[in-house]
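In what follows, every chain begins at residue 1, and chains take the letters A, B, ... in the order their sequences are listed.
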Amino acid sequence: MRQRWLTWALYSVAMGLEACWLLALLDLASEQTTGGIVSPAGLLALLPLSFLLHRFTERWRRLTLLDRVLTWLSGAIALLLAIKLLLYSGMAWADTTWLLSLPRAFGDIFNTFGAPLLVLPATALLWWLGRRLARQTTGFKALLGEFQFGLFMLVITLVSARLFELELSGQVPLVLGFFGLSLAGLSVSHGMEGASWLSGIYRTPWSGLLLAAIGIILVAGLIIGLIFTPDLLQIIWSAIKTVLEFIWAGILKVLEFLASLMPDTGEVDLPIPEAPPPAASDDNGFSLRMPEWARTALTSGWLIIMSGLILLALWRISTEILRHLRLMMGGRSGTEYESLAGSFRDDMRGLFRRMFGWLKLFKRIRWRRDAAPAGQAVTSVRQTYRHFLRWAAAGGYPRELAQTPCEYRDMIGGLLPELSQDIDAITAQYVSTRYGEASPAPPELQLMNHSWQRLRQVKLKKMKGQNNL
Amino acid sequence: MNESTTDTQMAAVSEVAEKLAASVGRVIVGKAAAVELLTVALLCEGHILIEDVPGTGKTILAKALARSLGCSFKRIQCTPDLLPADVTGIHYYNQKTGEFELRPGPVMSNILLVDEINRATPRTQSCLLEAMQEQQVTVDLETVPLPRPFLVIATQNPVEMSGTFPLPEAQLDRFLIRIGLGYPDEAEEYEILERFREGNPAVSLESVVTAEDLLEMQGRCRQVRIAEPVRNYIAAITRATRQHEGLRLGASPRATLGLGHASQALAAIRGRDYVMPDDVKLLAVPALAHRVIQKTESRLKGKSAVAVISEVVASVAVPAEE
């Protein structure tokens, strides 16, 4: 019974975390697109509704078609209800004019952005989030993911609001509520599982670090907000400009001096280039007109994407730093872990591959490490094994920390028998190098490299219901 | 020492282990894992404690091992009235020569089987301490070295507690490994009936390894490499037992040494000249479970020392890439 209450409590916390950033996001979208006509709180009511409905229909989950029909049907009904209750509450139910509001809004899309056009994606997002939450098992990991993603979205939204010079209502209580819920949820889920790094022998310092970090962030945010007023920022920017101008003046003086040492060749009058002919006006050509709201939306989207990328990078950096600290503090003597620089390098490489891989641009470009032809050996046995572990982990088969390489080989070989030969070869070479302290002979290294090259071509995908042994 | 020489030497150890296993296997049905652990203890000069219910083949196993080794074998059946002199020997007055002469006790043999060691009094148990640890005994102020190889196989019955004297921690710590044989499965039980139908097959066993060969094998096992990460791993496991919340007393530095030597022996048996974390993991429970003392709360929760050590091993990270 207690377990059930705790589970529901965790679900409530997860929903609360989502509600915090969704409220901010919907408020921003409503203010920016419809001038605040659509009530974000009203839209947010769809989230718990979707959650409860999908918890109820969990029993029919296995009947995939029925489950999907129910989801779509209920989503459509929710959309219509949202439009009616939020936008046309004064209209009678019998009057079906409100039913045509959405098609009319689509028809008028190039002139104005109608409120139903905001309600449609908002409903879809909330309905999907409610379903996702209802169908997932909540725990420490899930809540941590919700916290990270929610924090990311909250920062994006608040920064965007600042960019658009919008004042969102209740920002401070929203942020405080977000952090308060996440703290409560993580504590409860950690207490339930007792298996995360927060429950190990370093749980006390890590818990203290977590609380201290949250406290410092909140206090620092308040202080920064108080101290760094726009006037102060202007003063700082002026000071930086003055310093840069001084440095630039110095550089110009040095260049002038160097130029004065050159023999005087006399002034040469360079010919003045002719002005290009004026472009012929294309009166008969077709020009794509863009509604002003679309232009604003695209500009805003671009700014949001750039801000998002910067924040994503900061998030990855902080995650890697925390992971590195965790490994260092974890007292795992003898465990090898990649240096921070190596982690960041690999992360950047992976990011670029993901961003541009679909253009197939980088298939023909060989990275510095892969620059050698396929026949040449990989430089390090341990590096190859590390890559193998990452490849397997990305496919859903991570190595447990207490699992030996041979146990891991047996486990993953049992799950993927068609790859077992290559996995055996890689593991055998790694084991003899790492524990036998033997220097691998070139043929052995080559064999390992060939095995790895074959494995990396395979895109691993964990089968449903397949668990690590 | 070059690689090929090391490989050959380890292959020889592996071959000896296989011969021993095959020889013992002619008597003991199944129990390959227990025989392997016995061989490990033998190769690193460690002592073995076999803890199991009566009738599971403890004594027969020890006898089969002794016969396969071609070493001298003595057996002591412990009872509460067993005296230390019955174990170590006595000086008696020889009327013919007019001098006191030493009559060595059963401890002066290569393989000593001590049956139901927990039925002997603490005084008698403690006289084995010196023998097991120092490889010597003191009889009436005369210190006598024990023959090499010297192996003590002690058995005890975990069921009968009345009239017994549980082994103190100090003595338990001197056993390298503790094993349990367990009941045979159905097929094994049928095989036992068939095998022992016409008599005890242990009687016809011949030695497959001499004492000299065994000493040489023991020396080779000490040459097995333990890489630094694996050494750290061994130490991390024993240190983790001292920090586990379910244990009042964790494993000692002697346990760390024992685990290290046993891992070397196991690696040699498997034909390797280096220790892998798998060897350490396999030996952690047999080598450590009997050396720790559980807290009362832990015992009341139904956890055994074996479960606690397994938990410890599962919580220590293996030295490998991440």
Do Leu401(A) and Ser315(B) have side chains that approach each other closer than 4.5 Å (heavy atoms only, starting at C-beta)? no
For Glu311(B), I'd like to know if atom CD has over 12 heavy atoms of other residues, nucleotides or ligands within 6.0 Å. yes
Student check: side-chain heavy atoms of Tyr435(A) and Arg272(B) closer than 4.5 Å: no
How long is the straight-line distance from OG1 of Thr404(A) back to OH of Tyr233(B), given to the nearest 0.5 Å? 7.5 Å
Lys281(B) and Glu407(A) ion-paired at < 4.0 Å: yes
Identify which part of Val275(B) has an atom lying under 4.5 Å from any heavy atom of chain A, answering side chain, backbone, both or neither. backbone
Short side-chain to backbone donor-acceptor contact, Arg225(B) and Gly436(A), under 3.5 Å: yes
Is any side-chain heavy atom of Val318(B) closer than 4.5 Å to a side-chain heavy atom of Arg399(A)? yes
As an exercise, state the distance from CG of Asp278(B) to CD of Gln403(A), rounded to the nearest 0.5 Å. 10.5 Å
Could you go through Gln383(A) and Glu321(B), starting from their C-alpha distance and side-chain angles, then the distance that decides it, and tell me whether this counts as side chain to side chain contact (heavy atoms under 4.5 Å, CB included)? CA-CA 9 Å; Gln383(A) 204 171 37; Glu321(B) 312 303 311; over 6 Å; no
Contacting moiety of Val313(B), where chain A heavy atoms sit under 4.5 Å: backbone
Judged by atom type as modelled, is there a donor-acceptor pair below 3.5 Å linking the side chain of Tyr385(A) to the main-chain atoms of Ala320(B)? no
How close do Arg434(A) and Pro229(B) get, counting heavy atoms only, and between which atoms? NH1-CG, 3.2 Å
So for atom CD, which belongs to Glu186(B), do other residues, nucleotides or ligands contribute more than 12 heavy atoms lying within a distance under 6.0 Å? no
Quick check on Glu437(A): does its CD atom have over 12 non-hydrogen neighbours (other residues, nucleotides or ligands) under 6.0 Å away? yes
Crowded around Arg248(B) CZ? As in, over 12 foreign heavy atoms under 6.0 Å? no
Let me know if Val230(B) has heavy atoms under 4.5 Å from chain A in its side chain, its backbone, both or neither. side chain
